[in-house]
Amino acid sequence: MDSSFGSDFGGSGGGKLDPGLIMEQVKVQIAVANAQELLQRMTDKCFRKCIGKPGGSLDNSEQKCIAMCMDRYMDAWNTVSRAYNSRLQRERANM
């Protein structure tokens, strides 16, 4: 985090904290962290699957494998995410 982290929460700087603003900033930070984790996991998995001998460049088959692996990973993640969100909505409606 940068040193301005704490100063972003107060708004006008008058000493009052805006809980709504804080909550939105936390949600954004969580979303960024989740996206970074998704990208890191996808990179690690596809690298292990597709790159036999790391070198200075990727050959054609490695490039195709990486592209297909990343597409499949994102498709799977999107499917799971939609199912999870749908389930959350159903459970909230039943409360």
- Note on the structure: Rounded to the nearest 0.5 Å, the CG atom of D44 sits from the CZ atom of R48 at a distance of 5.5 Å
- Task: Is it possible for you to say whether I51 and M68 belong to one hydrophobic cluster, with membership spreading through side-chain heavy-atom contacts below 4.5 Å?
- Result: no
- Task: Nearest 0.5 Å please: distance from the CG atom of N34 over to the OG atom of S81.
- Result: 9.5 Å
- Query: Are R41 and Y73 close enough, and set up right, to give a side chain to side chain contact (heavy atoms under 4.5 Å, CB included), and what steps lead you there?
  - Reply: CA-CA 9 Å; R41 285 183 181 197; Y73 196 95; 3.4 Å; yes
- One should read off an interatomic distance between E62 CD and N60 CG, to the nearest 0.5 angstrom, of 10.0 Å
- How would you list, by chain and number, every residue that makes a salt bridge (charged side-chain N to carboxylate O under 4.0 Å, His left out) with K27, sequence neighbours excluded? E24
- If every non-hydrogen atom of M42 is compared with every non-hydrogen atom of M70, which pair is closest and at what distance? CE-CE, 3.5 Å
What pairs of donor and acceptor atoms, side-chain ones from residues 87-95 against any protein atom, are under 3.5 angstrom apart with sequence neighbours left out?
unit_1 : atom_1 : unit_2 : atom_2 : d
R87    : NE     : E91    : OE2    : 3.0
R90    : NH1    : S86    : OG     : 3.0
N94    : ND2    : R90    : O      : 3.2

- Can you list the residues that meet the side-chain contact (heavy atoms from CB on, under 4.5 Å) rule with C69, with sequence neighbours excluded? C46, K49, C50, R72
- Task: Answer yes if the side chains of D59 and Q63 hold a donor-acceptor pair under 3.5 Å, and no otherwise.
- Result: no
- Item | Short side-chain to backbone donor-acceptor contact, T79 and D75, under 3.5 Å | yes
- Query: Which distance, rounded to the nearest 0.5 Å, do you find between the CG of D71 and the CD1 of I66?
  - Reply: 11.5 Å
- Task: Step by step, work out the side chain to side chain contact (heavy atoms under 4.5 Å, CB included) result for I22 and D18.
- Result: CA-CA 6 Å; I22 293 171; D18 181 354; 5.8 Å; no
